[in-house]
Amino acid sequence: MRDVIARAEAGEGLSSEETASLIALEDDSLCRALYAAAYRVKLRYVGNGVYLRGLIEYSNICAKNCLYCGIRRDNGRIRRFELTLEEILAAAQLAFEYGYGSVVLQGGERSDGRAVDLIERAVRRIKESFPALGITLSCGEQSLAVYERWRRAGADRYLLRIESSGRALFERIHPADSVFDERLEALKALRTAGFQVGTGVMIGLPGQTPQDLAADIAFFRTLDADMIGMGPWLPQRDAPLHDETPETPEKAARRFRWGLNMIAATRLALRDVNIASTTALQTLRPADGRELGLLAGANVIMPNVGEVEHRNDYQLYDGKPDLDENARSIRLALERSIAGIGEHIAYNVPGTPRHYLARISRRSEE
Ligand code: SAH
Ligand code: SF4
């Protein structure tokens with residue numbers, strides 16, 4: 001195993017079986033070796049500055065019914081909300097004042113004209129008010145025309161997870177309203193529209209194997225993704241997707257372990273992309289989950305900058321941390337914990353993925 005890790009660190013491509021064996025690692029000492037190798041690759045390719053993205057959960061209204069998600073259309077147990085343009089701008093201003101360098105507008109998937117307009121106007125206003133702020137959108141599958149409108153309004157990046165790159169598993173976790181080939185088309189359309197493209201998967205889904213996850217990493221490479229956001233699947237009490245056997249601490253611990261292993265294996269394979277250490281990791285280990293993600297090769301964190309008022313109604317999964325924490329206390333805690341692991345926050349920079357910059361400069365030389 002140590003030889004496999006060393007070859008991956010040296011940049012040799014691994015077979016899919018070898019990648020799967022990294023993801024399945026359970027032994028503590030081997031896991032430590034894996035994370036250390038991924039961390040060295042991260043230092044070499046992207047450095048030890050952590051990019052912060054101020055997360056604005058602008059609405060939990062969603063037209064879709066993904067089987068795992070707490071804000072799916074048919075969940076009648078939450079209050080639906082949508083921030084006003086002014087509220088979105090206030091959150092963006094906070095991110096700017098905190099020096100976060102960029103914001104992420106994330107919400108349920110809607111394609112009605114009003115919802116599309118709101119995003120377009122919000123992006124335009126944020127860009128006008130804070131031209132240096134990077135803008136990422138995470139608003140689900142849309143047509144190329146809508147992506148182009150949002151891009152023209154000033155959005156730079158887009159996150160759209162494939163959730164699982166295996167067609168069969170994708171179909172098991174989505175009802176008929178999500179079509180695998182349409183998700184692939186949407187990812188292509190994002191590239192066509194000129195976005196920096198992020199994707200990712202959930203880790204530890206019922207029935208998912210390390211081989212499936214190794215195939216996901218191969219998918220990230222084929223897509224030539226600039227950013228990766230992935231985290232453990234977390235059972236959600238109002239969502240239909242459940243494991244057949246009851247949840248146990250051992251199962252949660254394994255999903256967490258696989259989450260870190262996936263970050264490390266992805267860093268070793270993709271080198272210069274941005275990788276998020278997600279809230280799902282923090283949910284499983286509130287004290288240090290996200291910090292362990294950084295030490296396994298991630299370089300981005302997305303702290304919430306919205307008001308606490310709507311947090312309870314934006315629980316994509318159970319146990320989401322920081323429900324009562326305001327943006328200011330989240331920021332102070334992050335500063336301390338990031339310094340505590342020997343890293344620093346890269347303030348006031350948009351944090352554009354190196355991978356994207358390299359692709360753009362290659363294109364301009366051609
Ligand atoms: N509607 C948009 C953005 C919000 S959902 C979209 O679907 O792209 C953002 C991400 O939350 C999803 O991509 C999914 O991977 C994640 N998510 C939803 N429910 C989850 C759960 N139960 N456990 C872990 N991640 C979940
Ligand atoms: Fe809607 Fe996104 Fe949740 Fe699916 S994952 S139900 S699209 S918010």
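Both ligands and their constituent atoms are indexed starting at 1 by order of listing. Atoms considered below: every heavy atom in the structure, side chains included; atoms not considered: hydrogens, waters and symmetry mates.
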Verify the cluster assignment for L25 and I23: are they in a single hydrophobic cluster under the rule of side-chain heavy atoms below 4.5 Å apart? yes

Distance below 2.8 Å from atom 3 (Fe) of ligand 2: protein N/O/S atoms: C69 SG

Would E97 and R328 pass as an ion pair if we require N to O under 4.0 Å? no

Any protein heavy-atom neighbour for atom 3 (Fe) of ligand 2 (distance below 4.0 angstrom)? yes

Residue shell for ligand 1, any heavy atom closer than 4.0 Å, reads Y68, C69, Q106, G107, G108, E109, S138, G140, R161, E163, M202, P232, W233, L234, Y314, L316, Y317

Between the side chains of Y98 and Q93, does any donor sit under 3.5 Å from an acceptor? no

Looking at R44, I want to see if its CZ is surrounded by more than 12 non-hydrogen atoms of other residues, nucleotides or ligands under 6.0 Å. yes

Any link between Y35 and M262 through a network of hydrophobic side chains (Ile, Leu, Val, Met, Phe, Trp, Tyr) touching at under 4.5 Å? yes

Check: N274/N299 side-chain N/O donor and acceptor closer than 3.5 Å: yes

Around E307, counting heavy atoms of other residues, nucleotides and ligands shown, do more than 12 lie under 6.0 Å from its CD? no

Assess whether a salt bridge exists between D238 and R72, defined as any Lys/Arg side-chain N lying under 4.0 Å from an Asp/Glu carboxylate O. no

For H310, which residues count as a side-chain contact (heavy atoms from CB on, under 4.5 Å) partner, sequence neighbours excluded? F81, L83

Per the ring pair (Phe, Tyr, Trp, His ring centres under 6.0 Å) rule, what does the pair list look like for residues 126-154, sequence neighbours excluded? F96-F130, Y147-Y158

